[in-house]
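Just so it is clear, the structure is predicted and the values come from calculations on it, not from any experiment. A, B, ... follow the sequence lines: proteins, then strands. Residue 1 opens every chain.
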2 protein chains.
Amino acid sequence: MYFGKRIKELREERELLQRQLAASLEIDTPMYSKIERGDRRAKREHVLKLAELLDTDPNELLMLWLAGQVYEIIKDEELGLRAIDYIKESSILSSKSGKL
Amino acid sequence: MYFGKRIKELREERELLQRQLAASLEIDTPMYSKIERGDRRAKREHVLKLAELLDTDPNELLMLWLAGQVYEIIKDEELGLRAIDYIKESSILSSKSGKL
DNA sequence: TTAAATTAGCCAATATTTGACAAGTCATTA
DNA sequence: TAATGACTTGTCAAATATTGGCTAATTTAA
């Protein structure tokens with residue numbers, strides 16, 4: 001499950017149209033369509049707004065949105081998994097102790 | 001240990017000057033300095049070239065370089081670690097089975 | 001103090017991303 | 001079949017971000 005697929009799923013459950021969500025996000029329908037298909041990246045504010053509009057957990061959407069961005073970086077990289085393991089190990093995120 | 005810090009370490013071990021590496025990479029010294037301090041991002045080709053010039057494992061440098069980029073995305077995000085855990089779990093990387 | 005090495009700040013060139021539009025497909029219905 | 005509505009595709013210019021290079025400042029070492 002990835003971000004675009006998830007918001008499409010939720011939109012269909014709520015029986016909303018792309019043009020309705022697009023209007024709420026103040027973007028045009030083609031743009032929204034592209035976000036749903038992963039062709040364009042949603043802005044952070046759009047993710048939060050979508051969680052509202054779709055009445056769903058913003059953290060779930062944010063997490064999927066972030067994962068998508070990280071994936072974009074490592075998808076073609078042999079060492080991608082090792083790199084994210086390395087980040088986890090250095091545990092700089094939770095401890096706020098340093099930077100990469 | 002992060003990318004910039006590591007190449008600085010290696011450079012000093014080899015007793016090389018920034019301007020020497022900069023010249024080899026065909027960028028100017030201030031630019032190289034910024035890469036070392038994490039102010040600017042090295043290009044992938046620069047990473048490989050640096051591994052050569054510093055006579056070190058290219059995979060180590062590439063991994064650190066990737067980790068730095070991933071870190072840039074999640075560093076200020078509460079959900080950053082969950083996002084990378086999610087990527088690992090979905091194991092789309094090794095299996096090449098899908099996308100986020 | 002000098003000179004070399006490194007860093008900081010700025011700016012223009014370049015690249016990437018964004019949003020908008022027009023036109024297209026596809027499915028449904030009159 | 002024709003028309004309508006929902007969604008998608010492609011293209012383009014505007015807005016943003018990134019890059020590289022220059023000058024000047026700062027730090028370091030002799």
Side-chain angles (χ1 to χ4, degrees), chain A residues 2-50 53-54 61-62 64-77 98-100, chain B residues 1-50 53-54 61-62 64-77 99-100:
Chain A
Y2 51 100
F3 179 74
K5 190 176 169 201
R6 181 67 178 129
I7 60 176
K8 175 172 186 176
E9 189 174 76
L10 289 166
R11 178 176 64 80
E12 288 172 344
E13 280 173 13
R14 275 42 165 187
E15 298 185 66
L16 296 168
L17 298 175
Q18 288 190 346
R19 73 177 150 76
Q20 296 176 300
L21 291 180
S24 298
L25 297 177
E26 298 178 286
I27 57 180
D28 71 356
T29 307
M31 177 70 74
Y32 178 83
S33 166
K34 283 165 188 168
I35 289 172
E36 226 176 50
R37 285 175 309 94
D39 216 49
R40 293 293 177 93
R41 179 176 307 167
K43 296 187 162 180
R44 199 178 193 284
E45 53 178 318
H46 287 157
V47 178
L48 298 176
K49 185 93 186 187
L50 279 170
L53 297 167
L54 295 168
L61 293 190
L62 272 176
L64 289 173
W65 175 74
L66 280 175
Q69 287 177 75
V70 170
Y71 177 71
E72 275 306 304
I73 289 180
I74 62 179
K75 65 179 174 189
D76 297 323
E77 292 285 352
K99 62 172 181 175
L100 285 181
Chain B
M1 180 71 61
Y2 50 101
F3 179 72
K5 190 175 169 200
R6 181 66 178 130
I7 60 175
K8 175 171 187 177
E9 188 173 77
L10 289 165
R11 177 176 64 82
E12 289 172 343
E13 279 174 14
R14 273 52 165 178
E15 299 185 66
L16 296 167
L17 298 175
Q18 288 189 346
R19 74 177 152 75
Q20 296 177 301
L21 291 180
S24 298
L25 298 177
E26 297 177 286
I27 57 181
D28 71 356
T29 308
M31 175 72 72
Y32 178 84
S33 166
K34 284 164 188 168
I35 289 172
E36 226 176 50
R37 286 174 308 96
D39 215 49
R40 295 293 177 93
R41 179 176 308 166
K43 296 187 162 181
R44 198 177 194 285
E45 52 178 318
H46 287 157
V47 178
L48 298 177
K49 185 94 186 186
L50 279 170
L53 297 167
L54 295 168
L61 293 189
L62 270 177
L64 290 173
W65 175 75
L66 280 175
Q69 287 176 75
V70 170
Y71 177 72
E72 275 306 304
I73 289 179
I74 62 180
K75 65 179 174 189
D76 297 322
E77 293 285 353
K99 62 172 182 177
L100 283 182

Exercise for the section: Output the residues of residues 7-28 of chain B in contact with DNA chain D, where contact means a heavy atom of the residue under 4.0 Å from an atom of the strand; sort by number or write none. Expected result: B/I27, B/D28
Handout entry: Distance (rounded to the nearest 0.5 Å) between B/R44 CZ and B/L62 CG
Key = 5.0 Å
Exercise for the section: Output yes when at least one side-chain N/O atom of A/R41 is less than 4.0 Å from OP1 or OP2 of C/dT16, else no. Expected result: no
Exercise for the section: Among C/dT7, C/dT18, D/dT8, find the nucleotide with the atom closest to the side chain of A/P30. Expected result: D/dT8
Exercise for the section: Ignoring backbone atoms, establish whether B/S33 has a side-chain N or O less than 4.0 Å from OP1 or OP2 of C/dT6. Expected result: no
Practice task
Check whether any side-chain N or O of A/R37 sits under 4.0 Å from OP1 or OP2 of D/dT9, and answer yes or no.
Solution key: yes
Exercise for the section: Could you check how far OH of B/Y32 sits from P of D/dG21, rounded to whole Å? Expected result: 16 Å
Handout entry: From B/Y32 atom OH to B/H46 atom NE2, the distance as rounded to the nearest 0.5 Å
Key = 11.0 Å
Exercise for the section: Provide, to the nearest angstrom, the distance between the NE2 atom belonging to A/H46 and the P atom belonging to C/dT18. Expected result: 10 Å
Handout entry: Side-chain N,O (B/K43) to OP1/OP2 (D/dG20) below 4.0 Å
Key = yes
Problem - Charged N-O contact under 4.0 Å between A/K5 and A/E36 - result: no
Handout entry: Atom pair distance, as rounded to whole Å: CD in B/E45 and C1' in D/dT19
Key = 12 Å
